[in-house]
Structures are given as structure tokens and as C-alpha cells.
J.: 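Starting off with a structure, shown below.
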2 protein chains.
Amino acid sequence: MPLRADARANRAALLTSAARLFTDQGPDVALDAIARDAGVSIATLYRHFPSREALIAEAYGAEIAALGEVDLAEGTAADALTRWLARFVEYARTKRALGDLVHALPEGSSPPAREVIVDALERILAAGARDGSLTTDQDAQDVLALLAGLWTLPDGPEWPARAGRLARFVVAGLKSSDSLTGQPPL
Amino acid sequence: MPLRADARANRAALLTSAARLFTDQGPDVALDAIARDAGVSIATLYRHFPSREALIAEAYGAEIAALGEVDLAEGTAADALTRWLARFVEYARTKRALGDLVHALPEGSSPPAREVIVDALERILAAGARDGSLTTDQDAQDVLALLAGLWTLPDGPEWPARAGRLARFVVAGLKSSDSLTGQPPL
DNA sequence: AGCTAAACGTAGGCTCCCTACGCTTATGCC
DNA sequence: GGCATAAGCGTAGGGAGCCTACGTTTAGCT
């Protein structure tokens with residue numbers, strides 16, 4: 001059965017407030033603040049979103065879905081990776097709360113957001129293996145771990161430059177498989 | 001003036017308890033629990049260590065100091081980097097709380113632990129620039145950001161393998177400067 | 001033994017998280 | 001239109017953790 005009209009409105013208000021406050025103040029805003037901003041009580045927030053993560057996930061649903069899309073049509077898989085990473089970096093810059101979803105350390109159930117992203121990376125890596133433009137030495141989870149640094153970078157005027165170097169480093173390393181062979185175990 | 005005898009004993013007890021609880025239960029143990037374990041009150045803990053970070057820093061002082069040491073005597077700078085990273089990875093595995101020190105996002109004052117590590121990496125990179133074994137495309141902070149993934153990896157039986165791949169990837173990328181030139185801006 | 005400053009613990013305020021419970025109101029039916 | 005009902009809501013409060021003010025204890029010196 002569909003939600004009641006007031007419930008639907010409250011839900012929407014919560015998502016709007018959440019998106020704004022997460023973007024403005026980071027992933028650790030008090031949930032009470034979000035509820036107050038939306039003009040509802042904290043209980044209503046919990047009724048609609050059982051956890052902070054659930055709220056972030058829905059507030060940034062569009063971005064997560066966008067990261068699930070991979071454009072393999074143009075150029076090599078390495079090109080596709082570069083394009084995908086550009087979007088990833090842009091979200092990391094503007095939607096810092098996404099980091100909590102992507103790199104949470106859940107015992108069993110990792111959040112669906114993470115699954116979507118790992119999935120996208122797997123498709124890119126698989127395409128790279130087919131067209132030979134990417135190494136097969138790292139799996140999607142490895143790549144995601146390498147990108148974790150994006151969320152630890154202090155924001156400021158240097159952020160884009162540093163993030164860009166980080167992303168380029170990852171792409172470059174995934175391109176050349178030769179330099180990785182014959183490494184002594186660490 | 002030196003500390004009073006009881007203060008010295010309490011301090012030592014706190015550090016012992018902290019090291020054990022941080023290792024056993026992760027970086028987020030309640031400070032009250034550490035104080036209780038050491039047989040002192042929470043106020044005493046705060047008197048000796050003004051913040052959680054200060055406590056971690058002292059509890060893991062030996063490890064941090066060890067990461068400040070760089071052995072450039074044998075082999076190339078790239079070899080030195082590999083050796084240093086092996087130690088870094090080992091600490092990341094056994095002393096998960098160190099991550100909070102290394103990748104905290106302080107506005108102004110980054111903790112001294114981070115400085116020590118950045119310093120060590122800078123010396124290695126400088127040596128690499130001199131002997132030509134490492135690229136100059138990334139600075140020490142970039143490298144540290146790349147290693148952030150170590151702290152987000154879920155611990156489990158796969159941890160060492162994944163961490164090893166991550167570290168090897170970083171070393172490999174820092175070795176070959178050629179594959180990084182001429183990249184289009186992301 | 002007695003003095004004093006160093007060190008201590010208790011107790012409590014603050015913030016945030018989360019839930020139990022009783023009230024309000026949208027919605028479908030007559 | 002009015003009313004019954006369950007869906008939805010807010011209040012109020014307990015719990016955990018952080019941190020501090022303040023009065024008490026005690027080590028160390030004479």
C-alpha cells in the first residue's frame with residue numbers, strides 16, 4: 001500500500017534537508033538537526049530511515065545510480081575508466097558523505113551503494129581485460145581501496161589537484177601491467 | 001619538575017591499558033573503558049592525555065618513531081620504499097588505531113605522528129629523485145593518501161593479500177615515471 | 001609530624017542516538 | 001458529510017560517551 005500523503009511529504013522534506021546538510025556540514029551532522037530542518041521529529045526520521053547510512057543512501061540515490069552506469073562505447077576500457085573516475089572524483093568532492101557509504105567496514109552486509117560501485121568497476125576491469133587496455137592484477141575492491149584516499153584528503157583549494165593526481169596514478173597503474181610483474185612479495 | 005610517583009604509575013598504567021584495548025577493540029574504545037581498565041578515573045586520563053589522539057600517539061609512540069626511520073643504505077630508493085612500506089603495512093594490520101592519527105583531517109594542526117611519516121616518505125622520494133629509481137610526480141602527501149585504503153580494508157583472512165597488492169601497486173606506480181607523462185587532465 | 005601543591009575521584013552537564021508510548025489525522029466507507 | 005480505524009506522528013526519556021568543575025586525598029619536602 002502506498003504511503004499516506006503526509007508521510008510522503010515528510011519523507012521528501014527529510015531527503016531535501018539531508019542532502020543540503022550533508023553537503024554543507026559533512027557526513028556527521030546530528031540527525032536531530034536534519035529532522036528539525038525538515039520540520040519533523042526525530043522519530044519520524046527514524047521511521048523512514050532506520051539508520052544514518054540509509055538516509056545518506058537515499059539522499060544521494062541519483063549520484064549512486066549514476067556511478068552504476070558505465071560508458072564503454074567510446075575508446076578503450078582505460079578511457080572508460082578515466083571518464084568514470086572523473087565523475088567519482090567530482091562526487092567525492094561535492095558529496096563527502098558518500099565516503100561513509102563506500103568505505104564503511106560492515107562485517108557482513110555491505111551497503112548496496114558499495115555494491116553498485118564495485119559492480120561498475122568490475123565491468124570496466126572486465127572490458128579492460130578483453131581489450132587489453134587494463135591489467136588484471138587488481139580487482140574492483142582493490143581499486144576502490146586505492147580511491148579511499150579521496151575521502152581523507154583535507155578539503156581546500158588544493159583538493160582538486162591532489163585528487164586529480166591520485167586518480168591519474170590509479171589509472172596509470174592499471175594501464176601498465178608489465179611494471180607489476182616479477183615484483184618480490186612485500 | 002618531574003611527575004609525582006603516583007602520577008607516573010597511573011600514566012604508565014593508562015598507556016598499557018590503552019595499547020591493549022586499542023589493539024583488541026579498535027580505535028573507538030570508550031575512554032572510560034581504558035581508564036577503568038587502568039584502575040583510574042576518567043578525569044585522570046584526561047589530565048594526562050588531553051585527547052583521544054594524544055593517547056593513541058603515546059601508546060603507539062614506538063611504532064611511530066620506527067616509521068620515522070628510513071634505511072637508505074641498501075639498494076635503490078625504490079627498495080627502501082618497499083621495505084618501509086612492509087613495516088607500514090604491518091603496523092596498519094596490527095595497530096588499526098594508528099589510522100586515526102595518520103589520516104585525521106585536522107584543519108590547522110596535523111598531529112606530529114603524521115608529520116613523522118610524511119617526513120620519512122619525503123626522504124625516500126628525494127632519494128628516489130636523486131638515484132632515479134622513483135618518479136617525482138607524486139609528493140609524500142599523495143603517497144600517504146594512496147595508502148589510506150589500508151585502513152578501510154575489512155580485516156579478515158584476505159587482509160594481508162589485499163594490503164600487499166595495494167602496497168605493490170603503489171611502489172610500481174612510483175617506479176615508472178614514463179607511463180604517467182602525457183596523460184590528459186582528468 | 002606537618003605543610004602544601006600536585007594529583008585524584010565524584011558527580012554532573014552536554015550532545016547525540018534510539019525507542020516506547022499515547023495522541024493526531026488522513027483516508028476509505030457508509 | 002461524518003465517522004471508524006490504522007497509519008503516522010511527536011514527546012519524553014533512557015543510555016552511551018565526552019568532558020569539566022570542584023572538593024578531597026596524598027606524595028614529597030622540611
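As the structure is a computational prediction, the values presented were derived from the model and not from experiment. A note on names: the letters A, B, ... follow the listed sequences, proteins ahead of strands, and every chain is numbered from 1.
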J.: Once the angle between the rings of B:F22 and B:Y60 is folded into 0 to 90°, is it parallel (under 30°), tilted (30 to 60°) or perpendicular (over 60°)?
T.: tilted
J.: A:D79 and A:T76: side-chain donor and acceptor closer than 3.5 Å?
T.: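 Checked: A:D79/A:T76 side chains pair up, N/O donor to acceptor below 3.5 Å.
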J.: Tell me the interatomic distance from B:R11, atom CZ, to D:dA27, atom P, rounded to whole angstroms.
T.: 19 Å
J.: For B:T23 and B:A19, which heavy atoms make the closest approach, and how far apart are they?
T.: OG1-O, 2.9 Å
J.: Roughly how many Å is it from CG in B:D6 to P in D:dC29, rounded to a whole number?
T.: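 So the two atoms are 13 Å apart, to the nearest Å.
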J.: Are any of the side-chain nitrogens in A:E90 or A:R93 under 4.0 Å away from the carboxylate oxygens of its partner?
T.: yes
J.: Measuring only between side-chain heavy atoms, which start at C-beta, is A:L134 closer than 4.5 Å to A:L81?
T.: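 Yes, close enough: below the 4.5 Å cut-off.
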J.: Taking CG from B:L14 and P from C:dG9, how many angstroms apart are they, rounded to a whole number?
T.: 9 Å
J.: Determine whether B:Q141 and B:R114 satisfy the following criterion, side chain to side chain donor-acceptor pair (under 3.5 Å), listing intermediate values before the conclusion.
T.: CA-CA 10 Å; B:Q141 312 243 13; B:R114 190 188 158 90; 2.7 Å; yes
J.: OP1 or OP2 of D:dG10 versus the side-chain N and O atoms of A:T44: is any pair under 4.0 Å?
T.: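 True: A:T44 side-chain N/O within range (under 4.0 Å) of D:dG10 OP1/OP2.
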J.: Can you name the nearest heavy-atom pair linking A:V89 to A:W159, along with the distance?
T.: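 Distance-wise, the nearest heavy atoms are O-CH2, 3.6 Å.
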J.: Quick check on D:dC9: is either OP1 or OP2 less than 4.0 Å from any side-chain nitrogen or oxygen of A:N10?
T.: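 Checking D:dC9 against A:N10, a side-chain N or O does come within under 4.0 Å of OP1 or OP2.
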J.: Less than 4.0 angstrom between a side-chain N/O of B:H48 and OP1 or OP2 of C:dC8, yes or no?
T.: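 For B:H48, the contact criterion (side-chain N or O under 4.0 Å from OP1 or OP2 of C:dC8) is met.
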J.: Taking atom CZ of B:R4 and atom CZ of B:R11, what is their separation to the nearest 0.5 Å?
T.: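 Answer for the CZ-CZ pair, B:R4 versus B:R11, is 15.0 Å.
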J.: Just the atom pairs and distances: protein N or O near nucleotides 13-19 of chain D's N or O, under 3.5 Å.
T.:
from, atom 1, to, atom 2, distance (Å)
D:dC18, OP1, B:R52, NH2, 2.3
D:dC18, OP2, B:L31, N, 2.9
D:dC18, OP2, B:D32, OD1, 3.2
D:dC19, OP2, B:Y46, OH, 2.6

J.: How far does CG of A:L98 sit from CD1 of A:I117, to the nearest 0.5 angstrom?
T.: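 Here the rounded value is 7.0 Å.
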J.: Quick one: on DNA chain D, does A:S41 or B:R47 contact a more 5' nucleotide (nearest heavy atom)?
T.: A:S41
J.: Could I get a table of every N or O pair under 3.5 Å where one atom is in the protein and the other is in nucleotides 3-6 of chain C?
T.:
from, atom 1, to, atom 2, distance (Å)
C:dA6, N3, B:R4, NH1, 2.5

J.: Please report, rounded to the nearest Å, how far the P atom of C:dC8 is from the CG atom of B:L45.
T.: 11 Å
